[in-house]
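Here the structure comes first, spelled out in structure tokens, and everything after it is commentary.
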Amino acid sequence: MTSGADRLVRVFTVATTLAVATVAGQSPVRTAAAASPAPITPTIEVVNQSFPDDAVTLGATFKVEGAGWPVGQLVQIEVCGSDARSGSSDCAVDTAQIVSVRDDGTFLARLSVVIPPSPCPCVIRAFGQASTDVATTPVKIPGAPNEHAGDGDVTAPALRRVEVEQVELTGGDTFATWWGAPARRTLEFELVNTGTVAVNDVSITLTAGPVDDPNGFIPPVKVDRMEIGARRSISVPIEFPALAFGDQMVRGTVNGTSQTTTFSAETTTHPWLLIIVPIVLLVQLLLLLLRNIARRRLHSPADVVDPGPNAIPDDALICVIEIAEPDPDGDPDEPGTRHRTLVLQSIQAVQQMVLDSLQVDAAGEPTPGQVVINTITVLADAQAQVGASYHACDALCDWIETQFSDSEHPDTRALTLRRHVSPGGNASPSAASGMGMVPLSVMVRAPHVRAFAS
């Protein structure tokens with residue numbers, strides 16, 4: 001009976017335990033599922049399979065792979081002794097390698113095998129130059145000592161500490177920088193040995209660039225031996241890339257001490273002229289375009305001729321126009337000029353020719369192949385009504401005078417058309433006698449006025 005009762009008690013206990021575990025176990029599972037994934041810790045490992053037990057030979061090279069590192073970061077890899085407890089002071093900095101992390105957070109490097117400055121246990125250490133990420137992996141190095149004479153216990157190394165003070169970026173933008181040239185500054189700072197021993201082989205790695213990603217390479221700075229309490233001022237020329245804009249940063253890391261020390265300094269640079277000059281040129285071009293559009297609208301023949309019931313007929317006048325134009329048959333190297341005489345019986349055609357002769361480009365220069373008007377003789381048919389013809393002639397001549405006086409064409413600044421009213425008869429040498437036409441007015445360029453009037 002006792003044995004049967006014990007079995008019943010055990011079965012009841014197990015069933016109860018399973019039920020409670022089932023109910024209680026649902027919450028941890030859900031909580032774990034709902035929790036965010038843990039951050040990835042950067043790691044490294046030696047991948048040379050030909051070295052048994054991770055042992056390597058001096059003078060050889062071996063592969064080191066990293067995973068879980070920030071993308072684009074520069075990572076320094078070095079051989080260290082004493083488990084790298086004292087930082088870079090335990091490591092062979094001279095043979096260190098610097099690699100860039102790939103897009104998947106991995107990197108691959110080859111590192112020479114050397115005996116580190118501190119005794120083993122030896123490791124391969126990797127650390128980010130722009131972050132606090134550090135990873136190590138043990139490695140056996142043949143011939144490396146396990147301790148140095150007089151070092152005592154390697155688990156209690158002396159304190160090597162260097163602090164950085166008075167960090168500043170000096171200098172400012174120049175005229176060349178305003179045009180987009182590289183911005184040059186000087187990084188100034190002081191190093192102070194605040195540790196318990198003198199330090200040797202201290203190095204400072206530097207990166208520069210925009211505040212959000214200062215990963216541009218700057219050659220590292222080597223620091224000579226510093227005694228306890230010693231101070232040392234250091235100046236480093238810094239060059240930011242061309243076209244750098246906005247806030248820039250220099251970030252530094254002090255290696256070779258028991259604890260890595262980081263520091264930074266910021267400055268600002270702007271290539272203002274590369275921004276302002278294109279805007280000014282664009283505004284100037286827009287103003288010239290608007291001016292030309294307004295001029296065409298103001299000087300349009302359609303705006304001059306009144307289309308009302310009392311409008312003057314377009315063919316009310318006959319105009320004999322003497323022009324000078326480039327000679328199409330002349331020497332291309334030395335283009336000549338030919339003179340022609342045109343007869344137009346259309347007020348609008350005459351107005352259009354006048355406007356074409358006064359056109360200028362955006363720089364205020366005459367357009368290529370432009371004609372030059374020397375003389376305009378206004379005639380009327382002998383049978384036409386004299387009053388109406390004179391009215392049409394006055395309107396046309398006034399319009400032509402206005403165009404020449406308002407024009408920005410360079411030829412009109414020294415030479416303009418001057419009006420000469422003919423007293424009767426055929427006064428123009430261009431109008432042949434016996435044509436049955438009455439000369440009403442003649443307009444000639446300024447140098448010809450005296451000869452014509454005489």
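Count residues from 1 along the sequence. Computed from a prediction, not measured in an experiment: that's the story for all the values here.
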From CA spacing to verdict: side chain to side chain contact (heavy atoms under 4.5 Å, CB included), Trp399, Ile347: CA-CA 11 Å; Trp399 182 86; Ile347 294 175; over 6 Å; no
Working for side chain to side chain contact (heavy atoms under 4.5 Å, CB included), residues Val202 and Asn255: CA-CA 6 Å; Val202 171; Asn255 303 307; over 6 Å; no
Trace of the side chain to side chain contact (heavy atoms under 4.5 Å, CB included) decision for Val250 with Ile218: CA-CA 9 Å; Val250 176; Ile218 302 294; 5.8 Å; no
Side chain to side chain contact (heavy atoms under 4.5 Å, CB included) evaluation trace for Ile323 with His339: CA-CA 6 Å; Ile323 64 171; His339 297 271; over 6 Å; no
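Across all non-hydrogen atoms, the minimal contact from Lys63 to Leu108 is CB-CD1, 4.1 Å. The shortest non-hydrogen separation linking Leu274 to Gly180 is CD1-CA, 3.6 Å. Among all heavy-atom pairs drawn from Ser357 and Val371, the shortest one is CB-O, 3.6 Å. In this structure, Gly68 and Pro42 approach most closely via the heavy-atom pair O-CG, 3.6 Å. Closest heavy-atom contact between Thr177 and Ala183: CG2-CB, 4.1 Å. When every heavy atom of Ala244 is checked against every heavy atom of Pro271, the shortest pair comes out as O-CD, 3.4 Å.
Side chain of Gln359 to main chain of Pro366: no donor-acceptor pair is present (N/O by atom type, distance under 3.5 Å, no hydrogens or angles). Remark: the backbone N or O of Ser118 is not paired with any side-chain donor or acceptor of Ser82 at under 3.5 angstrom. Using a distance-only test at 3.5 Å, with no hydrogens or angles considered, a donor-acceptor pair links the side chain of Arg185 to the main chain of Thr268. For Asp104 (side chain) and Thr106 (main-chain N/O), a donor-acceptor pair under 3.5 Å exists by modelled atom type.
Taken from OG in Ser346 to CG in Leu317, the straight-line distance is 10.0 Å, to the nearest 0.5 Å. Rounding to the nearest 0.5 Å places CG of Leu358 at 4.5 Å from CZ of Phe404. Distance check: Gln73 CD to Gln129 CD gives 8.5 Å after rounding to the nearest 0.5 Å. With values rounded to the nearest 0.5 angstrom, Arg160 atom CZ is found 12.0 Å from Arg85 atom CZ. Taking CG from Leu355 and CD1 from Ile400, the interatomic distance works out to 10.0 Å, rounded to the nearest 0.5 Å. In this structure, Leu206 CG and Ser264 OG are separated by 11.5 Å, a value rounded to the nearest 0.5 Å.
Asp133 meets the salt bridge (Lys or Arg N to Asp or Glu O under 4.0 Å) test with no other residue; sequence neighbours excluded. Every residue meeting the salt bridge (Lys or Arg N to Asp or Glu O under 4.0 Å) condition with Arg184, not counting sequence neighbours, appears here in chain and number order: Glu239. Under the salt bridge (Lys or Arg N to Asp or Glu O under 4.0 Å) criterion, Glu190 pairs with Arg231, sequence neighbours left out.
When only modelled atom types and interatomic distance are considered, Asp361 and Thr367 share no side-chain donor-acceptor pair under 3.5 Å. One side chain, His409 or Gln370, offers a donor N or O that lies under 3.5 Å from an acceptor on the other. Neither side chain, Glu401 nor Gln403, offers a donor N or O lying under 3.5 Å from an acceptor on the other. Residues Ser405 and Thr402 have side chains that never bring a donor and an acceptor to within less than 3.5 angstrom of each other.
Listed by first and then second residue, the disulfide bond (SG atoms under 2.5 Å apart) pairs that reach into residues 76-106 are Cys80-Cys91, sequence neighbours excluded. Residues in residues 208-226 take part in these side-chain hydrogen bond (donor to acceptor under 3.5 Å, both in side chains) pairs, two or more places apart or across chains: Asn200-Arg225, Asp213-Asn215, Arg225-Glu227. Listed by first and then second residue, the ring pair (Phe, Tyr, Trp, His ring centres under 6.0 Å) pairs that reach into residues 240-265 are Phe189-Phe263, Phe245-His270, sequence neighbours excluded.
Contact check for Ile321 versus Thr375: no side-chain heavy atoms found under the 4.5 Å cut-off. Between Val79 and Val113 the shortest side-chain heavy-atom distance does not fall below 4.5 Å. Side-chain contact check for Thr269 versus Gln248: some heavy-atom pair is nearer than 4.5 Å. Residues Leu191 and Met226 are in side-chain contact: their nearest non-hydrogen atoms beyond the backbone lie under 4.5 Å apart. With a 4.5 Å cut-off on side-chain heavy atoms, Val354 and Ile373 count as touching. When side chains are defined from C-beta on, Thr194 does not count as touching Val162, because their heavy atoms never get closer than 4.5 Å. Within the 4.5 Å cutoff, the side chain of Ile44 has heavy atoms near those of the Trp69 side chain. Residues Thr253 and Thr261 fail the side-chain proximity criterion, which asks for heavy atoms closer than 4.5 Å.
Checking Ile77, Leu74, Leu111 one by one against Val99, the side chain to side chain contact (heavy atoms under 4.5 Å, CB included) holds for a single residue, Ile77.
Between Arg340 and Asp327, no side-chain nitrogen of the basic residue sits less than 4.0 Å from a carboxylate oxygen of the acidic one, so the salt-bridge criterion is not met.
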